[in-house]
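Input: a single structure, listed below in structure tokens.
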Amino acid sequence: MVLVAPSILSADFSRLGEEIKAVERAGADWIHIDVMDGHFVPNITIGPVVVKSIRPVTDLTFDVHLMIAEPWKYVDAFAEAGADFITIHAECGNVAGTIDAIKKKCRAGIAVRPSTPLSAIADVIDSIDMLLVMTVNPGFGGQKFMEEVLPKIKEARKMIGSRDIYLQVDGGINPENVAAVKEAGADVIVAGSAVFKSGDYSTAIKSLK
Ligand code: DX5
Ligand code: ZN
């Protein structure tokens with residue numbers, strides 16, 4: 001069975017704590033936290049102060065996806081705020097050094113944009129805990145799933161082989177396309193709008209699983 005990680009980017013931020021408790025009750029496995037800085041992506045979202053303030057609300061794993069230009073500067077701040085996973089982007093530079101810094105604090109992931117080939121992560125595959133394949137261009141929730149990335153998910157599964165690495169897929173996943181994502185080899189499904197805009201979190205999470 002796959003793990004489902006609702007992205008709080010699509011939650012009601014005026015009631016963030018309650019929203020997290022509601023998806024926990026509805027069967028969420030992890031909480032996916034999308035951090036954007038207005039440089040690496042055009043949008044600005046959440047910083048360590050918010051992560052710290054929601055940390056006491058749940059014991060679920062905090063899966064922090066950094067879409068920021070110089071992630072090495074913020075690893076300690078997010079780890080100390082309560083991140084269990086910190087995922088950085090392969091397109092950022094200084095990847096190996098940043099992964100090492102993350103691993104001193106918590107678990108480490110690496111993400112690839114839809115246009116970035118998996119060869120970009122080959123050098124670090126033996127030091128990561130999670131590989132995140134993006135199925136939208138990072139920056140906003142509610143975008144359309146890019147079907148053309150499905151072969152890359154399959155390729156990622158092959159590349160992981162017998163290593164103990166989660167294969168996470170993020171972007172535009174909903175109950176209609178999730179079967180293809182699982183079939184391609186994903187074991188952690190991120191879903192923002194498919195959960196938080198659904199009106200019934202429990203049914204949404206069940207149908208993704
Ligand atoms: C995109 C983010 C995703 C996104 C997921 O930049 O990394 O986590 O918010 O939201 P949906 O499921 O609505 O695409
Ligand atoms: Zn994300």
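On a predicted model such as this, the values are computed, not experimentally measured, just so you know. Just so you know, ligand 1 is whichever comes first in the structure, and atom 1 is the first atom listed for that ligand. Values below: all heavy atoms of this structure, side chains included; hydrogens, waters and symmetry mates excluded. Numbers here simply count residues along the sequence, with the first being 1.
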Asp59, CG atom: more than 12 neighbouring heavy atoms under 6.0 Å: no
Neighbour count >12 (heavy atoms, 6.0 Å) for atom CZ, Phe40: yes
Considering only protein heavy atoms, which is closest to [atom], and at what distance to one decimal place?
atom: atom 6 (O) of ligand 1; answer: Gly139 N, 2.8 Å
atom: atom 12 (O) of ligand 1; answer: Gly192 N, 2.8 Å
atom: atom 3 (C) of ligand 1; answer: Asp170 OD1, 2.9 Å
atom: atom 1 (C) of ligand 1; answer: Phe140 O, 3.6 Å

Counting from 1, what ligand 1 atoms have a heavy atom of [X] closer than 4.0 Å?
X: Met134; value: 7 (O)
X: Met67; value: 6 (O), 7 (O)
X: His32; value: 8 (O)
X: Pro138; value: 6 (O)
X: Ala191; value: 12 (O)
X: His65; value: 7 (O)
X: Gly142; value: 11 (P), 13 (O), 14 (O)
X: Val190; value: 8 (O)

Would [X] count as being in polar contact with ligand 1, using the rule that some N or O on each side must be under 3.5 angstrom apart?
X: Leu9; answer: no
X: Asp34; answer: yes
X: Asn137; answer: no
X: Gly171; answer: no

Non-hydrogen atoms of [X] and [Y] that approach each other most closely:
X: Ala69; Y: His39; answer: CB-CB, 4.1 Å
X: Leu16; Y: Ala11; answer: CD1-CB, 4.1 Å
X: Thr45; Y: Met36; answer: OG1-N, 2.9 Å
X: Ala90; Y: Ala120; answer: CB-CB, 4.3 Å
X: Ala28; Y: Ile205; answer: N-CD1, 3.7 Å
X: Ser10; Y: Ser193; answer: OG-N, 3.4 Å

Polar protein atoms near the Zn ion (ligand 2) [N, O or S; cut-off under 2.8 Å]: His32 NE2, Asp34 OD1, His65 ND1, Asp170 OD2
Name each donor-acceptor pair under 3.5 Å that joins a side chain in residues 144-154 to protein atoms two or more places apart or in another chain, with its distance.
residue	atom	partner	partner atom	Å
Lys152	NZ	Arg113	O	2.9
Lys152	NZ	Pro114	O	3.1
Lys152	NZ	Thr116	O	2.7

Quick check against the 3.5 Å criterion: does [X] have a side-chain atom that pairs as donor or acceptor with the backbone of [Y]?
X: Asn43; Y: Gly139; result: yes
X: Thr61; Y: Trp30; result: no
X: Gln168; Y: Met130; result: no

contact_flag Met36 ligand 1 heavy-atom lt 4.0 Å: yes
Approximate separation, where rounding is to 0.5 Å, of Asp63 CG and Ile31 CD1: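 Asp63 CG to Ile31 CD1: 9.5 Å, rounded to 0.5 Å.
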Quick one: side chains of residues 95-106, donor-acceptor pairs under 3.5 Å with protein atoms, not counting sequence neighbours, listed by atom name and distance.
residue	atom	partner	partner atom	Å
Thr98	OG1	Asn94	O	2.6
Lys103	NZ	Ser127	O	3.1
Lys105	NZ	Glu80	OE2	3.2

Inter- and intrachain pairs under salt bridge (Lys or Arg N to Asp or Glu O under 4.0 Å), touching residues 22-48, at least two apart: Asp29-Lys209
Shortest reach to atom 13 (O) of ligand 1 by a heavy atom, considering only Ser193, Ala194, Gly172: Ser193
